[in-house]
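Accompanying notes for the structure given below.
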Amino acid sequence: MTAKVMTVTSGKGGVGKTTATANIGVALALIGQKVVCIDSDIGLRNLDVVMGLENRIVYDLVDVVEGRARLRQAMIKDKRLPELYLIPAAQTRDKTAISPSDMVRICDELRPEVDWILIDSPAGIERGFRNAIAASDTAIIVTNPEVSAVRDADRIIGLLEAEEKGPGKLVINRIKPELVERGDMLATADILEILAVDLLGLIPEDESVLISTNRGNPAALDPKSKAGQAFRDIAGRLMGEPVPFPSLDGTDSLRKRLARLMRRGGES
Amino acid sequence: MSGLWDRLTGQAERSSARTAKERLIVVLSHDRSDIEPGILEKIKNDIVRVISEHIDVDPSTVQIHIFSEGREQHLKADIPLPGPARRKRNL
Ligand SMILES: Nc1ncnc2c1ncn2[C@@H]1O[C@H](COP(=O)(O)OP(=O)(O)O)[C@@H](O)[C@H]1O
Ligand SMILES: [Mg+2]
């Protein structure tokens with residue numbers, strides 16, 4: 001095995017990096033892949049609670065870096081899935097506790113053991129971002145259909161290109177089809193035209209994300225969750241399957257609506 | 001009902017999403033290139049000066065701006081040429 005290392009990043013905070021990391025990890029593990037998720041947000045540990053593994057932490061990433069624990073010991077196994085692991089961030093330290101070369105070393109040690117290494121990155125473009133992308137083969141850029149999130153995504157794509165980490169792949173999260181249809185939310189095509197990167201996934205705004213996060217059961221585990229399905233679609237695409245993108249630009253187009261209105265008008 | 005009225009009267013064309021897109025395009029063209037607006041003005045003046053040595057151009061019609069093609073940035077100068085009457089005067 002030689003793992004693919006993917007960093008989930010965004011620039012802007014709160015757009016859904018941690019949610020995406022947990023759910024893509026779960027979705028890949030659901031189809032039998034061996035996955036390690038690493039929380040590189042030192043001091044703001046979150047991936048553990050989103051994955052529902054917070055009660056089982058003994059050692060963290062900084063313990064491994066500073067030699068208090070072996071990598072194996074810091075890998076928490078998710079009992080719901082055969083091959084999903086989490087390496088949690090330290091909560092009481094800061095970003096300077098690890099360096100980009102530490103991340104490279106850790107990922108190199110993990111690479112032969114697993115299929116995927118997913119790194120959840122902190123917000124920002126400073127040290128934490130450098131740590132998160134140091135070992136990465138591909139970046140997954142998460143954004144929301146919103147001016148500031150798209151702007152920050154563009155900045156991140158530029159930085160990734162400058163670091164020769166490739167342009168990355170885009171996940172647009174928290175899409176509200178009704179708003180897109182009404183003309184009050186940036187449509188997928190507009191965002192892709194502006195950012196000019198490859199699309200990896202479209203995730204709807206979905207309260208099942210909140211509910212599943214409350215419970216510590218990522219939405220990707222819930223067969224009925226729409227967001228969960230969107231994350232499973234991403235896993236399929238990462239496996240090279242040609243999973244089509246559902247349109248989240250509204251249930252039907254303005255033209256269709258007008259046509260229906262005309263027809264109704266004619267009948268009366 | 002007002003939403004429908006807006007659509008029928010073309011108000012949907014001026015949707016907030018469209019405004020967002022247009023604003024993003026402008027903001028990103030500045031973010032992506034490290035060129036400050038003041039530099040563009042200087043480049044424009046230099047171009048006008050060089051061209052004016054050969055052709056009679058109206059500086060107020062010269063436009064220079066940055067635009068994106070994919071993720072690539074381009075500098076574009078648009079220099080309208082004088083009509084035949086003015087050109088003749090130049091000869
Ligand atoms: N598709 C979605 N639908 C609804 N809520 C979402 C969605 N994606 C993320 N959220 C919520 O948004 C908040 C921020 O998400 P999070 O993954 O922590 O962002 P980040 O890691 O980028 O800071 C969380 O409360 C999360 O539950
Ligand atoms: Mg986070």
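Naming convention: chains lettered A, B, ... in sequence-line order (proteins, then strands); numbering from 1 in each chain. Worth knowing before you read on, the calculation uses all heavy atoms, side chains too, and leaves out hydrogens, waters and symmetry mates.
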(message) Set out, in order, the CA-CA distance, both residues' side-chain angles and the distance that settles side-chain contact (heavy atoms from CB on, under 4.5 Å) for L186(A) and L24(B), then state yes or no.
(response) CA-CA 11 Å; L186(A) 286 163; L24(B) 263 170; 3.8 Å; yes
(message) Around atom NZ of K165(A), are there more than 12 heavy atoms from other residues, nucleotides or ligands closer than 6.0 Å?
(response) yes
(message) Just checking E241(A): does its CD atom have more than 12 heavy atoms from other residues, nucleotides or ligands closer to it than 6.0 angstrom?
(response) yes
(message) Are more than 12 heavy atoms, taken from residues, nucleotides or ligands other than E164(A), located less than 6.0 Å from that residue's CD atom?
(response) no
(message) Within this structure, what is the CG-OG distance for the pair L179(A) and S15(B), rounded to the nearest 0.5 Å?
(response) 11.5 Å
(message) Just to be sure I understand the criterion: a residue of residues 198-210 of chain A counts if one of its heavy atoms is under 4.5 Å from a heavy atom of chain B. Which ones qualify?
(response) none
(message) To check you understand the geometry: which heavy-atom pair defines the closest contact between I194(A) and R32(B), and what is its length?
(response) O-NH2, 2.7 Å
(message) Would you say that more than 12 heavy atoms from the other residues, nucleotides or ligands in this model lie under 6.0 Å from the NZ of K44(B), or not?
(response) yes
(message) Run the salt bridge (Lys or Arg N to Asp or Glu O under 4.0 Å) test against D108(A) and tell me which residues pass, sequence neighbours left out.
(response) R111(A)
(message) Applying a heavy-atom distance below 4.5 Å, give me the residues of residues 143-162 of chain A that approach chain B, sorted by number.
(response) V147(A), V150(A), R151(A), D154(A), I157(A), G158(A), E161(A)
(request) Not counting sequence neighbours, which residues clear salt bridge (Lys or Arg N to Asp or Glu O under 4.0 Å) with D78(B)? List them please. (result) none
